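Values reported hereafter were calculated over all heavy atoms of this structure, with side chains retained and with hydrogens, waters and symmetry mates removed. These figures come from a predicted structure and were not determined experimentally. Residue numbering restarts at 1 for every chain, and letters A, B, ... go by the order of the sequence lines.
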2 protein chains.
Amino acid sequence: MLLNQTAEYAFRAMAYLASRADLDSAVPSAELAEAANIPGHYVSKVMRRLVVAGLVSSQRGHGGGFRLLKEPREISFSTILQATDLDPRNQRCAFGFGQCDAERPCHLHPAWSRLKESFNGWAESTTLASVHDNPEPWKDAP
Amino acid sequence: MLLNQTAEYAFRAMAYLASRADLDSAVPSAELAEAANIPGHYVSKVMRRLVVAGLVSSQRGHGGGFRLLKEPREISFSTILQATDLDPRNQRCAFGFGQCDAERPCHLHPAWSRLKESFNGWAESTTLASVHDNPEPWKDAP
DNA sequence: CCATTTCCGGATGTATAAGTCCACTGATCG
DNA sequence: CGATCAGTGGACTTATACATCCGGAAATGG
């Protein structure tokens with residue numbers, strides 16, 4: 001619930017990119033797969049979305065790989081979710097029917113709005129800079 | 001995202017049960033399917049979970065159906081989520097690996113905790129009583 | 001009792017997400 | 001240039017959630 005598998009991968013990959021000392025060096029997909037615990041052959045699928053969304057750049061050939069296009073603190077979780085087609089902004093009301101909206105709300109619409117607002121707030125106010133909030137390095141994971 | 005399809009059905013079914021004037025009369029699955037917009041043959045699957053969880057009772061035979069076992073205000077969204085195997089309390093950290101927990105948190109664990117706390121708070125503080133917050137009746141949906 | 005109603009639950013089918021595979025393209029280095 | 005490296009993207013397979021089907025069991029009413 002909350003996040004799907006592909007979004008999780010995207011977050012971990014982005015967090016890994018943001019956690020490295022040299023943000024300008026390229027990280028090949030094999031390293032990303034290992035570091036962010038993403039199935040080897042699935043990395044390219046995940047990263048492609050982030051490239052298309054303009055969050056990371058990709059480079060082919062020797063010495064190529066992926067790198068962040070912005071500062072970690074400029075990349076909100078919301079933009080990562082948008083890149084993985086989970087844009088929290090256009091989620092329909094889970095409780096009403098197709099036509100439930102602000103003008104013709106269902107019985108539970110206020111409850112839905114509260115949830116959505118709090119999720120949106122979280123996604124927009126949290127950025128990759130929070131990678132540095134926590135001292136535990138990724139490498140500690142066995 | 002946020003809620004899966006089965007959980008949505010469960011919420012709508014529960015909301016319909018809570019919305020009726022006579023809470024003690026039984027509602028057959030055919031009526032639930034119609035009212036809560038659940039695929040006809042899938043209603044029993046959804047309702048079974050709610051029965052097992054002790055939120056509703058079921059009765060077979062003529063005049064049978066489902067009815068709430070508690071007052072709407074006693075039924076929190078959290079208990080409905082638990083009934084549909086989406087217990088928000090035991091969701092692992094989406095950002096860390098398998099071994100990410102409070103003692104050995106990953107880089108993004110604080111961000112995850114904030115999200116989880118806010119979701120838990122919402123699910124526990126919202127009840128089916130909120131069905132009456134909104135004047136729009138379900139029947140208005142074409 | 002018997003007929004009917006309604007839930008029960010396993011077996012089965014379908015849609016979508018997740019994951020794999022591979023031939024291709026572009027970049028780099030010697 | 002030729003060898004190698006690394007992302008690209010389409011085709012394919014697998015896993016999981018969603019949905020359907022149907023025989024059966026309990027409850028009710030006549």
Side-chain angles (χ1 to χ4, degrees), chain A residues 1-14 16-17 24-69 81 83-87 91-92 94, chain B residues 1-13 16-17 24-69 81 83-87 91 94:
Chain A
M1 185 179 38
L2 294 178
L3 271 40
N4 65 25
Q5 193 63 61
T6 302
E8 282 194 21
Y9 293 155
F11 274 111
R12 293 213 291 264
M14 293 296 276
Y16 177 71
L17 290 178
D24 290 330
S25 64
V27 178
S29 56
E31 181 181 342
L32 270 175
E34 166 74 18
N37 202 28
I38 304 172
H41 294 290
Y42 196 59
V43 176
S44 68
K45 296 279 187 265
V46 176
M47 296 311 292
R48 198 80 258 282
R49 294 173 182 242
L50 299 171
V51 170
V52 170
L55 298 183
V56 306
S57 68
S58 65
Q59 190 185 354
R60 297 204 248 206
H62 195 94
F66 302 92
R67 76 193 77 195
L68 293 183
L69 276 176
L81 288 173
T84 54
D85 286 340
L86 287 176
D87 194 338
Q91 293 269 319
R92 77 176 199 299
Chain B
M1 186 178 37
L2 293 178
L3 270 41
N4 65 26
Q5 192 64 62
T6 302
E8 282 193 20
Y9 293 156
F11 275 111
R12 293 213 291 263
Y16 177 71
L17 290 178
D24 291 329
S25 64
V27 178
S29 55
E31 181 181 341
L32 270 175
E34 167 73 18
N37 202 28
I38 304 173
H41 293 289
Y42 196 60
V43 177
S44 68
K45 297 279 187 263
V46 176
M47 296 311 291
R48 198 80 256 283
R49 295 173 182 242
L50 299 170
V51 170
V52 170
L55 299 182
V56 306
S57 69
S58 65
Q59 190 185 354
R60 295 204 249 206
H62 195 95
F66 302 92
R67 77 193 78 194
L68 292 184
L69 276 177
L81 288 172
T84 54
D85 286 340
L86 288 176
D87 194 337
Q91 294 269 319

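Between the side chains of B:Tyr42 and B:Thr6, a donor-acceptor pair is found at a separation under 3.5 Å.
Rounded to a whole Å, the CG atom of B:Leu32 is 12 Å from the P atom of C:dT6. Summarising the geometry, the separation between CG on B:Leu3 and C1' on D:dA17 is reported as 15 Å, rounded to the nearest angstrom. Across the protein-nucleic acid pair, B:Glu31 atom CD and C:dT5 atom P stand 16 Å apart, rounded to whole Å. At whole-Å resolution of the value, CD1 in B:Ile38 and C1' in D:dC18 are 13 Å apart. Going from atom CG of B:Asn37 over to atom P of D:dA19 covers 10 Å, rounded to whole Å. Rounded to whole Å, atom P of D:dC18 lies 9 Å from atom CD of B:Glu8. For the pair A:Arg60 CZ and D:dG7 C1', the computed distance is 6 Å after rounding to whole Å. The CZ-C1' distance, from A:Arg67 to C:dA27, rounds to 12 Å in whole Å.
Between A:Ser58 and D:dG7, a side-chain N or O to OP1/OP2 separation shorter than 4.0 Å is absent. Put simply, A:Thr6 has no side-chain N or O that comes within less than 4.0 Å of OP1 or OP2 on C:dA17. Contact between the side-chain N/O atoms of B:Tyr9 and the OP1/OP2 oxygens of D:dC18 is not found at any separation under 4.0 Å. Regarding contacts with the backbone of D:dA6, every side-chain N or O of A:Ser29 stays at 4.0 angstrom or more from both OP1 and OP2.
A residue-by-residue look at B:Pro28 and A:Arg49 shows that B:Pro28 has its nearest nucleotide of DNA chain C further toward the 5' end. Annotation: of the two residues near DNA chain D, A:Val52 and A:Gly61, the 5′-most nearest-nucleotide partner is A:Gly61. Take the nearest nucleotide of DNA chain C for A:His41 and for B:Gln59: the residue whose nucleotide is more 5' is B:Gln59.
For D:dT8, its base never sits under 3.5 Å from the side chain of A:Arg48 at any donor and acceptor pair. One N or O donor and one acceptor, one from the side chain of B:Lys45 and one from the base of C:dG10, sit under 3.5 Å apart.
The closest side-chain heavy-atom distance from B:Arg12 to B:Asn37 is below 4.5 Å. Residues B:Leu32 and B:Met47 form a side-chain contact, since some pair of their non-hydrogen atoms from C-beta on lies under 4.5 Å apart.
Here the side chain of B:His62 is nearest to one of D:dC18, D:dG9, D:dT28, namely D:dT28.
In this structure, NZ on B:Lys45 lies 11.5 Å from OG on B:Ser29, to the nearest 0.5 angstrom. Here A:Leu55 contributes atom CG and A:Leu68 contributes atom CG; the two are 8.5 Å apart, rounded to the nearest 0.5 Å.
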